Amino acid sequence: MSRGIELSKYDYDLENDSAFFYGTGKKYKKSMDLDGIILDMSEDDYVMAIEILDASKKFNVSKNDLLNLKSFDANIDVNKETIKVVMKINIIKRNNPISKCMEAVGLNSMNLPISNQGIALCS
């Protein structure tokens, strides 16, 4: 099943280098950690938030660059064995837009239903 949601908020903790993207209107059920990419799942087993630990290192940008985030997109592909998350950010640096991507893959240890989910944040 394919599903898309729009995220409502973005927080970046400069000191801890942690980025958090989240929506509203869903009730939290559980979290899954894919090597520092934490997916918060709603009661209907869809991603409702993403936290990225060591975000500047994972996206290969400076911490200050993450303060100038313009957009975030993620595609979450869940199959019987694995979960694959492909993320893209757009930042502004010296008045120029820059795109950076990263990917995380992990086991579907929580037996989430097969789905393809897209989430996005635009500021």
Side-chain angles (χ1 to χ4, degrees):
M1 173 182 269
S2 183
R3 182 173 181 178
I5 65 166
E6 189 170 320
L7 300 169
S8 59
K9 290 192 174 187
Y10 165 66
D11 287 324
Y12 178 66
D13 181 340
L14 185 73
E15 185 177 329
N16 293 308
D17 194 19
S18 194
F20 193 57
F21 304 89
Y22 52 100
T24 58
K26 294 283 185 182
K27 193 166 182 180
Y28 171 82
K29 180 179 178 182
K30 58 190 169 190
S31 294
M32 173 178 271
D33 187 347
L34 302 176
D35 194 27
I37 310 297
I38 300 164
L39 306 177
D40 287 347
M41 311 303 291
S42 64
E43 289 182 312
D44 59 358
D45 288 326
Y46 284 93
V47 175
M48 60 183 275
I50 297 178
E51 182 177 5
I52 304 168
L53 306 177
D54 298 319
S56 67
K57 292 178 181 113
K58 285 184 171 70
F59 280 112
N60 194 28
V61 296
S62 75
K63 289 181 178 183
N64 285 329
D65 287 342
L66 290 172
L67 296 172
N68 296 310
L69 185 96
K70 292 300 170 196
S71 67
F72 171 82
D73 293 292
N75 184 43
I76 301 110
D77 187 32
V78 181
N79 66 44
K80 189 174 179 179
E81 292 84 27
T82 62
I83 298 173
K84 180 179 178 182
V85 182
V86 178
M87 293 165 279
K88 177 182 174 185
I89 61 169
N90 289 303
I91 58 172
I92 301 296
K93 187 166 186 156
R94 295 185 190 99
N95 295 323
N96 292 312
I98 297 172
S99 295
K100 295 285 187 165
C101 296
M102 82 161 161
E103 183 177 296
V105 179
L107 294 176
N108 185 359
S109 59
M110 292 185 173
N111 296 315
L112 298 174
I114 294 170
S115 66
N116 184 277
Q117 304 171 47
I119 58 176
L121 173 80
C122 295
S123 59

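This one's a predicted model, so the numbers in the text were calculated from it and none came from an experiment.
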No-hydrogen, no-angle side-chain donor-acceptor test under 3.5 Å, Asp13 and Ser18: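 No, no side-chain donor-acceptor contact under 3.5 Å.
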Taking all atoms of both residues into account, what is the closest heavy-atom pair of [X] and [Y], and its distance?
X: Ser31; Y: Asp40; result: OG-OD1, 2.6 Å
X: Ala19; Y: Ala55; result: CB-CB, 4.0 Å
X: Ile91; Y: Leu69; result: CG2-CA, 4.0 Å

Any chance you could measure Met48, atom CE, to Gln117, atom CD, to the nearest 0.5 Å?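 The distance works out to 12.0 Å.
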Looking at CG of Asn68 and NZ of Lys93, how far apart are the two atoms once the value is rounded to the nearest 0.5 Å?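 If I round to the nearest 0.5 Å, the distance is 9.5 Å.
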Is there a donor-acceptor contact under 3.5 Å from the side chain of Lys58 to the main chain of Leu53?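 Side chain of Lys58 to backbone of Leu53: a pair is present.
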Answer yes or no: is there a side-chain heavy-atom contact under 4.5 Å between Asp45 and Val78?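 In short, these two side chains do not touch, never coming nearer than 4.5 Å.
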So Ile119 and Tyr46, do their side chains get closer than 4.5 Å, heavy atoms only?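 SC-SC contact between Tyr46 and Ile119 ruled out.
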If two hydrophobic side chains count as joined below 4.5 Å and joins carry through other members, does Phe59 share a cluster with Ile92?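 They do not share one cluster, since no chain of ILVMFWY contacts under 4.5 Å joins Phe59 to Ile92.
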Please check if Met41 and Val86 belong to a single hydrophobic cluster, counting links between Ile, Leu, Val, Met, Phe, Trp and Tyr side chain heavy atoms closer than 4.5 Å.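 Met41 does not cluster with Val86.
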Name every donor-acceptor pair, under 3.5 Å, that has one atom in a side chain of residues 104-113 and the other anywhere in the protein, sequence neighbours excluded.
unit_1: Asn108; atom_1: OD1; unit_2: Asn111; atom_2: N; d: 3.2
unit_1: Asn108; atom_1: OD1; unit_2: Leu112; atom_2: N; d: 2.8
unit_1: Asn108; atom_1: ND2; unit_2: Asn79; atom_2: O; d: 3.0
unit_1: Asn108; atom_1: ND2; unit_2: Leu112; atom_2: O; d: 3.0

So does [X] have more than 12 non-hydrogen atoms from other groups sitting under 6.0 Å from [atom1]?
X: Lys100; atom1: NZ; result: yes
X: Lys88; atom1: NZ; result: no
X: Asp35; atom1: CG; result: no

Please report the C-alpha distance between Tyr12 and Asp17 in whole Å, then the side-chain angles of each, then the deciding distance to 0.1 Å, and finally whether the side chain to side chain contact (heavy atoms under 4.5 Å, CB included) criterion is met. CA-CA 7 Å; Tyr12 178 66; Asp17 194 19; 2.6 Å; yes
Going through the distances and angles, do Lys27 and Asp44 end up as a salt bridge (Lys or Arg N to Asp or Glu O under 4.0 Å)? CA-CA 9 Å; Lys27 193 166 182 180; Asp44 59 358; over 6 Å; no
